[in-house]
K.L.:
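Sharing a structure here in structure tokens format.
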Amino acid sequence: SAQISGSRTPTLMTVSPATPFRFSPRYRWVILALLFCAGYLNQFDRQTVSVLKATLKLDFGIDDAGYALLVNAFTVCYAIAYIGSGWVVDKIGSKRALTWFIAIWSLATVGCGLAHAFWLMLLLRGVLGFAEPGLFPVTLRTATVWVEDKGRGFFMALGTIGAAIGGITAVPIIAWLTIHLHWRWA
């Protein structure tokens with residue numbers, strides 16, 4: 001983690017020069033690409049339940065109230081976990097935190113595709129909601145620690161646009177997977 005310099009009034013941005021920018025520009029592009037991909041998948045996955053609403057209602061035998069419960073299982077857990085995920089990033093660092101967040105949300109996503117009971121789908125969507133918000137504190141911390149002030153805004157823009165692209169491309173891809181394979185592949 002970054003250390004505060006000897007300044008009398010330290011701020012978040014007064015870090016020692018040895019810590020934040022020790023990585024080569026090429027390595028930063030790799031990190032940026034990974035954050036872009038994580039953002040893409042993070043947002044893509046959120047679209048799945050809304051695109052598959054009719055299919056999920058039929059497959060699990062639920063009505064609109066059951067569907068709302070499924071949506072809210074994710075949303076409530078996501079809102080609760082947002083603050084906690086920032087604490088986790090501060091406590092164990094960006095790299096380790098993102099590894100855990102992605103591992104948990106990946107397992108939850110695969111589990112959703114395998115779930116044959118509504119209660120299990122609810123539980124897994126909740127787990128997904130607890131894991132996904134961690135990406136944004138990781139991205140912010142990574143940009144703050146690894147990128148100079150001058151390039152930080154551009155880094156953040158490129159790092160987070162993956163989420164927007166994931167949201168845009170999710171609908172046709174999920175529809176294609178559902179039509180040609182099965183909704184469980186989406």
K.L.:
For residues Trp100 and Val88, determine if any side-chain heavy atom of one lies less than 4.5 Å from a side-chain heavy atom of the other.
P.N.:
no
K.L.:
Verify side-chain contact (heavy atoms from CB on, under 4.5 Å) between Val147 and Phe154, making sure each step is shown before the conclusion.
P.N.:
CA-CA 10 Å; Val147 181; Phe154 186 62; over 6 Å; no
K.L.:
Is it true that Trp185 and Met121 fall in one hydrophobic cluster, defined by side-chain heavy atoms closer than 4.5 Å?
P.N.:
yes
K.L.:
Apart from Val110 itself, which Ile, Leu, Val, Met, Phe, Trp or Tyr residues share its cluster (side-chain heavy atoms under 4.5 Å, direct or through members)?
P.N.:
Leu114
K.L.:
Less than 4.5 Å apart, any side-chain heavy atom of Phe36 and any of Ile165?
P.N.:
yes
K.L.:
Of all the heavy-atom pairs spanning Ala186 and Leu177, show the shortest one and how long it is.
P.N.:
CA-CD1, 3.8 Å
K.L.:
Determine, step by step, whether Leu140 and Met156 satisfy the side-chain contact (heavy atoms from CB on, under 4.5 Å) criterion, reporting the C-alpha distance in whole Å, the side-chain angles of both residues, the deciding distance to 0.1 Å, and the verdict.
P.N.:
CA-CA 7 Å; Leu140 289 170; Met156 284 297 301; 3.3 Å; yes
K.L.:
Do Thr48 and Trp183 have side chains that approach each other closer than 4.5 Å (heavy atoms only, starting at C-beta)?
P.N.:
no
K.L.:
Say whether, by atom type as modelled, one donor and one acceptor occur between the side chain of Asp63 and the main chain of Gly66 under 3.5 angstrom.
P.N.:
yes
K.L.:
When clusters are formed by joining ILVMFWY residues with side-chain heavy atoms under 4.5 Å apart, either directly or through shared neighbours, do Phe60 and Val49 land in the same one?
P.N.:
yes
K.L.:
Which residue pairs pass the salt bridge (Lys or Arg N to Asp or Glu O under 4.0 Å) test when at least one of the two sits in residues 67-94, sequence neighbours left out?
P.N.:
Asp90-Arg141
K.L.:
How are the rings of Trp146 and Tyr27 set relative to one another: parallel (under 30°), tilted (30 to 60°) or perpendicular (over 60°)?
P.N.:
tilted
K.L.:
To check you understand the geometry: which heavy-atom pair defines the closest contact between Leu122 and Leu70, and what is its length?
P.N.:
CD2-CA, 3.5 Å
K.L.:
To the nearest 0.5 Å, tell me how far Ile102 CD1 sits from Leu135 CG.
P.N.:
7.0 Å
K.L.:
Contact between Lys57 and Asp64 at the side-chain level, heavy atoms closer than 4.5 Å - yes or no?
P.N.:
yes
K.L.:
What heavy-atom pair brings Val89 and Pro137 nearest, and what distance separates the two atoms?
P.N.:
CG2-CB, 3.9 Å
K.L.:
So if you build clusters from Ile, Leu, Val, Met, Phe, Trp, Tyr with side-chain heavy-atom gaps below 4.5 Å, do Ile179 and Leu52 land together?
P.N.:
no
K.L.:
Using every non-hydrogen atom in the two residues, find where Tyr82 and Pro133 come nearest and quote the distance to one decimal.
P.N.:
CD1-CB, 3.6 Å
K.L.:
Applying ring pair (Phe, Tyr, Trp, His ring centres under 6.0 Å), can you list everything that pairs with Trp176, at least two apart in sequence or on another chain?
P.N.:
His180
K.L.:
If you measure from CZ on Phe155 to OG1 on Thr139, what distance do you get to the nearest 0.5 Å?
P.N.:
7.5 Å
K.L.:
How does the hydrophobic cluster around Leu123 look, that is, which other residues are in it when side-chain heavy atoms under 4.5 Å mark a link?
P.N.:
Trp119, Leu120, Leu124
K.L.:
Establish whether Val71 and Leu69 are linked, either directly or via other cluster members, by ILVMFWY side-chain heavy-atom contacts under 4.5 Å.
P.N.:
yes
K.L.:
Do Val127 and Leu107 come close enough that some side-chain heavy atom pair is under 4.5 Å?
P.N.:
no
K.L.:
Could I get the full list of side chain to side chain donor-acceptor pair (under 3.5 Å) partners for Tyr78, not counting sequence neighbours?
P.N.:
Arg46
K.L.:
Could you measure the distance from the NE2 atom of His182 to the CG atom of Asp59? Nearest 0.5 Å is fine.
P.N.:
6.0 Å
K.L.:
Roughly how far, to the nearest 0.5 Å, is the CD1 atom of Ile174 from the CZ atom of Phe44?
P.N.:
4.5 Å
K.L.:
To which residues is Phe130 joined in a hydrophobic cluster, defined by side-chain heavy-atom contacts under 4.5 Å among Ile, Leu, Val, Met, Phe, Trp and Tyr, whether direct or through other members?
P.N.:
Val76, Ile80
K.L.:
Can Asp45 and Trp105 be counted as having a side-chain donor-acceptor contact under 3.5 angstrom?
P.N.:
no
K.L.:
How long is the span from the OG atom in Ser85 to the CG atom in Leu98, to the nearest 0.5 Å?
P.N.:
11.0 Å
K.L.:
Return yes when atom NZ of Lys95 has more than 12 non-hydrogen atoms of other residues, nucleotides or ligands closer than 6.0 Å, and no otherwise.
P.N.:
no
K.L.:
Rounded to the nearest 0.5 Å, how far apart are OG1 of Thr169 and CD of Gln47?
P.N.:
9.0 Å
K.L.:
Mark yes or no for whether Arg125, through its side chain, and Ala108, through its backbone, hold a donor-acceptor pair below 3.5 Å.
P.N.:
no
K.L.:
Taking atom CD1 of Ile92 as the centre, does the number of heavy atoms from other residues, nucleotides or ligands within less than 6.0 Å exceed 12?
P.N.:
yes
K.L.:
Taking side chain as C-beta onward, heavy atoms only, is Leu56 less than 4.5 Å from Phe118?
P.N.:
no
K.L.:
Hydrophobic cluster membership, with links at side-chain heavy-atom distances under 4.5 Å among I/L/V/M/F/W/Y: are Trp87 and Phe101 in one?
P.N.:
yes
